[in-house]
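In what follows, a structure is listed as C-alpha cells, so that the remarks can point back to it.
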Amino acid sequence: MDAKFLKPYQPSETEPRIYKEWEESGYFNPDNLPQKNGEPFTIVMPPPNANGNLHVGHALGTTVQDILTRFARMRGKRALWIPGADHAGFETQVVYERILEKEGRSRFSMDPKDLYKEIFEFTQSNKKNMEDQVRKLGASCDWSREKFTLDPDVVERVQKTFVKMFGDGLIYRGQRTINWCPKHQTSLSDIETESVEETTPFYYFKYGPFTIGTVRPETKFGDKYVVMHPEDPRYKEYVHGQQLDLEWINGPITATVIKDEAVDMEFGTGVMTITPWHSQIDFEIAKRHNLDIEQIIDWRGKLLPIAGEFEGMKITDARAKIVEKLNAKGLLAKTDESYKNVVKRCYKCNTMIEPQIKDQWFVKMAPLAERALEAANSGRVRFIPDHEAKIFRNWMENTLDWNISRQIIWGIPIPAWEKDGEWVASAQSPGEGWTQDTDTFDTWFSSGQWPLMTTGYPDGTDFATHFPTSVMETAHDILFFWVARMLCFSLYLTNEVPFHTVYLHGLVNDANGKKMSKSKGNVIAPLDLTDKYGTDALRMALVVGNTPGTDLAMREDKVKGYKHFANKLWNISRFILENTEDADMSVEFADADQALHAEFFELAEDVTKDLEEYRFYLAAEKLYHYTWNRLADAILEESKPILNGENLDAKQSRQKFLRVALADILKLLHPFMPFITEEIWSSMPDRSNLLMITSWPTGTHASP
RNA sequence: GGGCGAUUAGCUCAGUUGGUUAGAGCGCACGCUUCACACGCGUGAGGUCACAGGUUCGAAUCCUGUAUCGCCCACCA
C-alpha cells in the first residue's frame, strides 16, 4: 500500500499534479480517445468574461458541465467540452473604465485606438487568470479548441451574419426611442435596463385651460402639444388641431390640441403634454400625427438651449428649480408626493436611463422568436427544469425588437457603411466616400452565435460532427440574454437547434440566501474554498441537494462536510488496499459477496439513470450514502472478522469484493470528485489507464 | 398589470412518475483515544410536510381556493 494513505488526503498537493496528468494525456480532446469514432457528446462552455475572477456560479456551472462530460466520456462517447472566453463588450468596458477612473483618467479623453489596445491587453491577462481558475475546478475541457469571442475568424463570421440578416430584412436601421445611459454614453437593449419602482412626486401643472400631470417637469420645455382621448366627454369642446395660447415655463407659447387613443382617460386628468424625444409613448403619438420632435436633454443629461435660463443644468438639479418657477408663476396646481412610478436604470451603474431618439441597428425579433417557440413547443429543445420553458415562452411571445448598436469601442465593429444618408451592410468598404459605422455590436449578438462559432460553422469539421450540441448548461438569469438568442440565431442560420437540452442552474447565494454582492461584502470566492477544502469538496457541496433552477444558499459548513467525505473515502481506500494486498481476483464470489455485489449494481444503475436524467443532486447524495453508511459503516465493519478469520474462501471472496467495490465506487464518484478518485485509482493494483477514460460500471463485475 | 416559483426538523435543503413508522447535511444532547478514519465511532432528541376544502383504498406528492415570501417581464404621462 502506498505510504501516502498514512496521512489524511491532501487536495492542495494532489490536484495540480492530477490535472497536469490529465491534460498531458490528451484525453480532453476527443480525437485522442480510444472511442474517437463513437457517438459525439458535446457541450459548449458559457465563456466566462475575460475581465475578472470566477465566482461561485461559475464553479457550479463548471462542475455540472464537467460531470456531464466525464460521465459521457466514461460511457464511451466522443466527449467534447469546448472552453472559451468572452470579451463581454459593455461589461468589460465598464470594468476598465472603473480602473481608469481610479487612475484619474477617462475614456472620453483617450484616443479610441489606444483605449482598445489597453482593454485588449487587460482581457488577455485576465483570460489566462480565468483559464487557470477553470483548471483548478477540474474542468476536463479541450483547451486545444478554446475560442475567444474576438478571435479574427469569429469577428468575420459574426459580421457575415449581420450582412446576411440585413439582406433578409431581419435587421433594419431606424430612428427609435432607445435606452441611453448618460454615464456610459451608450444605448442599451431593453433587458440591459432594470425597472425599479420608486416613489416620486407627481406634479399637476396648469397648462392653459388644462391641468396636466408629470413626474418629469425637466422635460416639459418643448411641450407644445396637449393630448387627450377623442372620446373624453370632459374635453369635447376642444377639437383636434385647435391652437391655444398659454403661459408656460419660460413665457407664452402656442399649444396644439391632439386627440389620440393612447391617452388613458382614467389616469390623472386625462390630459397630457408630450415630449416625443424622451418618451417612447410620446414618440409614437408624435409619429402618428406627424408632430415636431425636439431634443430637450443632451447626451450627458444636461438641458439644451430650449430650456432657456436652465440651459446646461443637469436634469437632476433642474427639476426642483423648474417646479419652483412654475409654482411662482401660479402654474403648480398640486403635488402628489406618494406617487409610485417605474423608473429604468442602467443595470451596471444604476444611472437613470434617459430615453433618447437615435439611429440604431435593430433586429426584428418576431420572425426569429416564432421559430424558437416552435422548437420549444415541439420538444426539439428541452428545458430542465420544465418550468423554465414557460418563462421562455412568455418572453418569446412578447419580444421587442433588439437594439444591437453600442457606442463603445470594446466590441466587434458593425460592418455597415454610410454615404449621403444611405446605408449598406458589408464587411469591406463599398468604395470611395463611404464611412463605416463607429458603433460596435451588443456583445450578445456575437455570443448568441457561440455554439456555431465554437464548432466551426459553416464548414469546420467539428460543425459536421459536434453540431447541434448535446446540452447547454448555464445560469437561469441569462435565459433571455443568451439562451433565447442562441436558439434564434441557430435556427435562422442552420435550421437546427444549437442544443437539444437546456439545463439551467440557479444562482448561488450566501449562507442566508441573500444575493452575493461586493457592496454587501458577502461574496464567497470559489478558489478560497478549494484552497481550504479541496476542489472535490466544493464540487460535491455545489451539487448535492441542488435542484436545477432553484437558487442555492452556499454554506461553508457544507463544503467542510464534503472535505470530511473525501477523507472518509481516502481512509476506506487505505483499509481496502491494506487488506487486499494478497487478493486473488480470480476466485468466485461467495453467496454473501454475490449479494453485496448485486446490491452495489442496483445503486450503479440508479445513479446512471439519475445522471441520464440530469438528477445530479440525487446521484451525488446516493453515492455519498452508499459509500459512508453502507460500505464504510456496515460492509467494512462486518468484513473485519472475515478478513482476520480462519475461513480462507470467505476471506478471498471478500477481498475480491472489496477491491471490486472500491474500483467501481471510484468510477461512479469520478464525475463528481475527479481528483481524489483519480489519485486513489493511481494506487490500485493492476490499473492500466487513467480513471477518466475507464469504462463506466455496466452491471457485470468490473475491476481495474 | 402579466408570467414563474417557493412554503417539509433550530438552520440550509432533498423527497424523481401519489404507496410501508417523512430524509440528509450542519447544529444540538449523551457516551466513546474500538488496531481505516477524532476530517472519526455509537446512541438519541427534534416535523399537525403554510392554511382550508376536494379527488383517492391511500396525498408532503394530484385538483381548487386562501395567506405569506421570492424572482422575472411591462412605454399609464
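Chain A is the first sequence line, chain B the second, and so forth, proteins listed ahead of strands; every chain is numbered from 1.
Of the N and O atoms on the side chains of A/Glu473 and A/His505, at least one donor lies less than 3.5 Å from an acceptor on the other residue. A/Asp264 and A/His229 form no side-chain donor-acceptor contact under 3.5 Å, judged by distance and modelled atom types alone. For the residue pair A/Thr627/A/Lys568, the side-chain donor-acceptor check at 3.5 Å is not satisfied. A/Lys514 and A/Asn522 are not linked by any side-chain donor-acceptor pair at a separation below 3.5 angstrom, with hydrogens and angles left out of the test.
Of the residues near RNA chain B, A/Ile391 and A/Ser195, the one whose nearest nucleotide (by heavy atom distance) lies more toward the 5' end is A/Ile391.
A/Asp557 comes within contact range of the sugar-phosphate backbone alone, with a heavy-atom separation under 4.0 Å but no base atom that close. Across all strands shown, A/His476 has no heavy atoms under 4.0 Å from either base or sugar-phosphate atoms. As judged by a 4.0 angstrom heavy-atom cut-off over every strand, A/Phe283 is placed among residues making no nucleic acid contact. A/Glu637 comes within 4.0 angstrom of a base, heavy atoms only. Residue-level contact check: A/Ala632 touches the bases, meaning some heavy atom is under 4.0 Å from a base atom. Nucleic acid contact for A/Lys344: sugar-phosphate only, since backbone atoms but no base atoms lie under 4.0 Å from a heavy atom of the residue. Contacts of A/Gly506 with the nucleic acid, taken as non-hydrogen atoms under 4.0 Å apart, are absent. Among the heavy atoms of the strands lying under 4.0 Å from A/Leu636 is at least one base atom, whether or not backbone atoms are also near. Nucleic acid contact for A/Lys640: base, since at least one base atom lies under 4.0 Å from a heavy atom of the residue.
Using cut-offs of 30° and 60° on the angle between ring planes, the pair A/Tyr203 and A/Phe205 is parallel. The aromatic rings of A/Phe202 and A/Phe267 sit perpendicular, their planes meeting at an angle over 60°, well past the 30° parallel limit. The aromatic rings of A/Trp444 and A/Phe481 sit tilted, their planes meeting at an angle between 30° and 60°. Relative orientation of the A/Trp628 and A/Tyr624 rings is tilted, given thresholds of 30° and 60° on the angle between their planes.
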Could I get a table of every N or O pair under 3.5 Å where one atom is in the protein and the other is in nucleotides 59-63 of chain B?
none

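One interatomic measurement links the two molecules: OH of A/Tyr562 to P of B/rC39, which rounds to 19 Å at whole-angstrom precision. In this entry the distance linking CG of A/Asn629 with P of B/rG42 reads 8 Å, nearest Å. The CD atom of A/Glu261 sits 20 Å away from the P atom of B/rA77 (whole-angstrom rounding). Here the C1' atom of nucleotide B/rU43 and the CG atom of A/Asp633 are 13 Å apart, to the nearest Å. Separating the CG atom of A/Leu504 from the P atom of B/rG5 is a distance of 14 Å, rounded to the nearest angstrom. Going from atom NZ of A/Lys560 over to atom C1' of B/rC26 covers 10 Å, rounded to whole Å. With rounding to whole Å, A/Leu507 atom CG is found 9 Å from B/rC71 atom C1'. Rounding to whole angstrom units, CZ of residue A/Phe5 and P of B/rC39 are separated by 19 Å.
Residues A/Met396 and A/Leu373 come closest through the heavy atom pair CB-CG, 3.6 Å. Residues A/Trp570 and A/Lys7 share a closest heavy-atom pair of NE1-O, 2.8 Å. When all heavy atoms are compared, the tightest approach of A/Met228 to A/Val226 is CE-O, 3.9 Å.
Look at B/rC35: it lacks any Watson-Crick or wobble partner with both distances under 3.5 angstrom. Remark: B/rG1 base-pairs with B/rC73. Criterion, Watson-Crick or G-U wobble with two distances under 3.5 Å. Pair check for B/rG65 finds B/rC51; Watson-Crick or G-U wobble, both atom distances under 3.5 Å. In this structure, B/rA60 makes no Watson-Crick or G-U wobble pair, since no nucleotide meets both defining distances under 3.5 angstrom. In a base pair of the Watson-Crick type (N1 to N3 plus N6-O4 or O6-N4) or a G-U wobble (N1-O2 and O6-N3), with each distance short of 3.5 Å, B/rG42 is matched with B/rC30. In this entry B/rC13 has B/rG23 as its Watson-Crick or G-U wobble partner, both defining distances falling under 3.5 Å.
Taking every heavy atom of residues 199-235 of chain A and every atom of RNA chain B, pairs under 4.0 Å involve A/Gly213, by number.
Of the candidate nucleotides B/rC75, B/rC37, B/rG42, B/rC37 has the atom lying nearest to any side-chain atom of A/Asn567. Of the candidate nucleotides B/rG40, B/rA36, B/rG5, B/rG5 has the atom nearest to the side chain of A/Lys390. When the nucleotides B/rC39, B/rG3, B/rC37 are ranked by their closest atom to the side chain of A/Pro8, B/rC39 comes out on top. Relative to the side chain of A/Tyr339, the nucleotides B/rA24, B/rA77, B/rA74 differ in distance, and B/rA77 lies closest. Relative to the side chain of A/Ile281, the nucleotides B/rC75, B/rA36, B/rC73 differ in distance, and B/rC75 lies closest.
Under 4.0 angstrom from either OP1 or OP2 of B/rC41 there lies at least one side-chain N or O belonging to A/Lys568. For the pair A/Asn341 and B/rA77, the criterion of a side-chain N or O lying under 4.0 Å from OP1 or OP2 is met. When the side-chain nitrogen and oxygen atoms of A/Trp628 are compared with OP1 and OP2 of B/rC41, one or more of them lie within a distance under 4.0 Å. In this structure, A/His564 reaches the B/rG40 phosphate: one of its side-chain N or O atoms is under 4.0 Å from OP1 or OP2.
Across B/rG47 and B/rU7, the matching C1' atoms stand 14 Å from one another, rounded to whole Å. Here the separation of B/rC62 from B/rU17, taken at their P atoms, is 8 Å to the nearest Å. Comparing the C1' positions of B/rG44 and B/rA6 gives a spacing of 32 Å, expressed to the nearest Å. Straight-line distance between the P atoms of B/rA29 and B/rU34: roughly 23 Å, to the nearest whole Å. The C1' atoms of B/rA50 and B/rG5 are separated by 15 Å, rounded to the nearest whole Å. Nucleotides B/rC73 and B/rG27, compared at atom P, are 39 Å apart to the nearest Å. Going from the P atom of B/rC75 to that of B/rA67 covers 28 Å, rounded to whole Å. B/rG3 and B/rA74: their C1' atoms are spaced 11 Å apart (whole Å).
Between the A/His278 side chain and the A/Ile297 main chain, a donor and an acceptor come within less than 3.5 Å of each other.
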Legend entry - Test side-chain contact (heavy atoms from CB on, under 4.5 Å) applied to A/Val544 and A/Tyr617, step by step: CA-CA 4 Å; A/Val544 175; A/Tyr617 54 106; over 6 Å; no

Inset, instruction - Would you mind building the protein contact string for nucleotides 8-20 of chain B? One character per nucleotide, 5' to 3', B for base within reach (heavy atoms under 4.0 Å), S for sugar-phosphate only, - for untouched. - result: ---SSSSSB----

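Two residues are said to be in side-chain contact when any heavy atoms from C-beta on lie closer than 4.5 Å; A/Val257 and A/His240 fail this criterion.
Taking the six-membered ring for Trp and the full ring otherwise, the centers of A/Trp248 and A/Tyr207 sit less than 6.0 Å from each other.
Partner of A/Thr580 under the side chain to side chain donor-acceptor pair (under 3.5 Å) criterion, out of A/Gln655, A/Arg659, A/Gln652, A/Arg654: A/Arg659 alone.
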